[in-house]
Asks: 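Quick one: structure below, then a few questions.
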2 protein chains.
Amino acid sequence: MQFDDKVPIYYQIKNYLYHEMMTGQLKPGDKLPAVRQLAVDLTVNVNTVQRALGEMITEGILESKRGKGNFVTMDEPRITQLKEHLVMEQLERVYEQLHALNLTDEQIIESLKRFIAQRRQQND
Amino acid sequence: MQFDDKVPIYYQIKNYLYHEMMTGQLKPGDKLPAVRQLAVDLTVNVNTVQRALGEMITEGILESKRGKGNFVTMDEPRITQLKEHLVMEQLERVYEQLHALNLTDEQIIESLKRFIAQRRQQND
DNA sequence: CCTAGTGTTATATTTTACTAGTACACTATA
DNA sequence: TATAGTGTACTAGTAAAATATAACACTAGG
């Protein structure tokens with residue numbers, strides 16, 4: 001896994017795991033790889049992995065069973081709820097920032113549309 | 001001024017000054033308050049102010065005249081260019097994050113629209 | 001000239017976030 | 001009950017950010 005120096009590794013690990021869950025590669029009830037194994041796979045320290053998992057456990061999205069492993073919660077609504085929360089967080093941040101740059105609501109929407117259209121042409 | 005612990009103070013100072021410029025409270029050619037005055041106003045150290053201003057000078061958005069003060073550049077296209085750059089930065093970040101949460105391009109646009117609509121009802 | 005006001009630079013210190021190493025605690029099972 | 005596999009906690013090292021303090025450099029005006 002490639003890490004971006006601008007943001008903490010543990011945060012990127014969380015994002016990675018969120019992504020696995022949102023794309024269904026990690027399903028409710030699934031067991032995660034052992035923390036030491038994850039640490040090896042991601043070439044980071046066990047504590048860095050633990051830091052990420054610890055926060056997700058606090059969020060109620062993972063459950064840890066000492067001696068057994070870490071598991072994705074069976075509480076599916078909790079997962080949906082988390083996703084919505086994460087989306088809202090992102091939207092609030094970008095809205096606040098663009099609003100601070102003196103863009104109107106309409107300009108914010110338009111700029112996002114243009115960005116995505118432009119991005120499509122280039123990549124996909 | 002209120003600072004958010006999650007992001008460096010010097011960075012928030014930059015954002016504050018950007019905002020002042022984008023909303024026209026700081027116009028091209030305007031003189032900024034003295035660094036020591038800014039430090040007092042913002043209750044931070046002179047070096048922290050200098051760190052923010054230094055980066056903005058490197059960006060070509062501010063000009064410093066030793067013994068006189070710091071001034072907003074007269075190069076208006078540079079300001080426009082910077083604004084576009086800042087907007088793009090925000091859009092790229094939010095797009096990447098929401099895409100990672102498995103939202104399609106259309107869903108991303110829709111969620112932003114809904115967010116703004118909802119926000120309008122509550123506040124304005 | 002001298003002085004007050006301005007930006008600039010340098011150094012040391014403190015604080016905090018992040019990461020790492022290591023030892024501890026629990027579970028299953030052979 | 002021994003052992004391998006698991007999560008957890010404690011402690012320390014590193015780097016970035018912020019501060020404190022001071023000295024330096026330029027400008028304008030008396």
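Each chain gets a letter, A, B and so on, in the order the sequences are listed, and its residues count up from 1. None of these values were measured; they are calculated from a predicted model.
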Asks: Whole-Å distance between dT6(C) C1' and L38(B) CG?
Replies: 12 Å
Asks: What is the separation between atom NZ on K14(A) and atom C1' on dA17(C), rounded to the nearest whole Å?
Replies: 15 Å
Asks: Look at the side chain of V35(B) and decide which nucleotide, out of dT6(D), dT19(C), dG7(C), has an atom nearest to it.
Replies: dG7(C)
Asks: Under 4.0 Å between a side-chain nitrogen and a carboxylate oxygen: does that hold for E106(B) and R120(A)?
Replies: yes
Asks: Taking only the side-chain heavy atoms of R66(B) (C-beta and beyond), determine which of dG7(D), dA20(C), dG7(C) contains the nearest atom.
Replies: dG7(C)
Asks: If the cut-off is 4.0 Å, is R51(A) near the phosphate of dC18(C), judged by side-chain N/O to OP1 or OP2?
Replies: yes
Asks: Indicate yes or no: does E55(A) engage R51(A) in a salt bridge with an N to O separation below 4.0 Å.
Replies: yes
Asks: Let me know, please, whether K68(A) or Y10(A) comes out on the 5' side of the other along DNA chain C by nearest nucleotide.
Replies: Y10(A)
Asks: Between atom CD1 in I9(B) and atom P in dA17(C), what is the gap in whole Å?
Replies: 12 Å
Asks: Between P on dA17(C) and CD on E55(A), what's the gap in Å once rounded to a whole number?
Replies: 12 Å
Asks: Hey, does the side-chain of N47(B) have a donor or acceptor N/O within less than 3.5 Å of a partner on the base of dA10(C)?
Replies: yes
Asks: Within the pair S64(A) and dG7(D), is there a side-chain N or O less than 4.0 Å away from OP1 or OP2?
Replies: no
Asks: For D5(B), report the nucleic acid contact type (base, sugar-phosphate, nothing); a contact means any heavy atom under 4.0 Å.
Replies: nothing
Asks: Could you give the NZ-to-C1' distance, from K6(B) to dC18(C), as a whole number of Å?
Replies: 18 Å
Asks: Quick one: I57(A) CD1 to dT6(D) C1', roughly how many Å, whole number?
Replies: 13 Å
Asks: Taking atom types as modelled, is there a side-chain donor on R119(B) or Q122(B) under 3.5 Å from an acceptor on the other?
Replies: no
Asks: Counting heavy atoms from C-beta on, name the nucleotide in dT19(D), dT8(D), dT9(C) closest to the side chain of Q50(B).
Replies: dT9(C)
Asks: Quickly work out the L53(B) CG to dT9(C) C1' distance and round it to whole Å.
Replies: 15 Å
Asks: So, K31(B) and E63(B), do they make that salt bridge, N to O below 4.0 Å?
Replies: no
Asks: If you only use heavy atoms from C-beta on, which nucleotide in dT6(D), dA20(C), dT8(D) is closest to the side chain of K31(A)?
Replies: dT6(D)
Asks: Nearest to the side chain of N45(B), which nucleotide is it out of dG7(D), dT21(D), dA20(C)?
Replies: dT21(D)
Asks: Just to verify, what does H99(A) make a ring pair (Phe, Tyr, Trp, His ring centres under 6.0 Å) with, not counting sequence neighbours?
Replies: Y95(A)
Asks: Measure distances between side-chain N and O atoms of R36(A) and base N and O atoms of dG7(D), and say whether any donor-acceptor pair falls under 3.5 Å.
Replies: yes
Asks: Give the rounded distance in Å between these two atoms: CG of L32(B) and C1' of dG7(C).
Replies: 12 Å
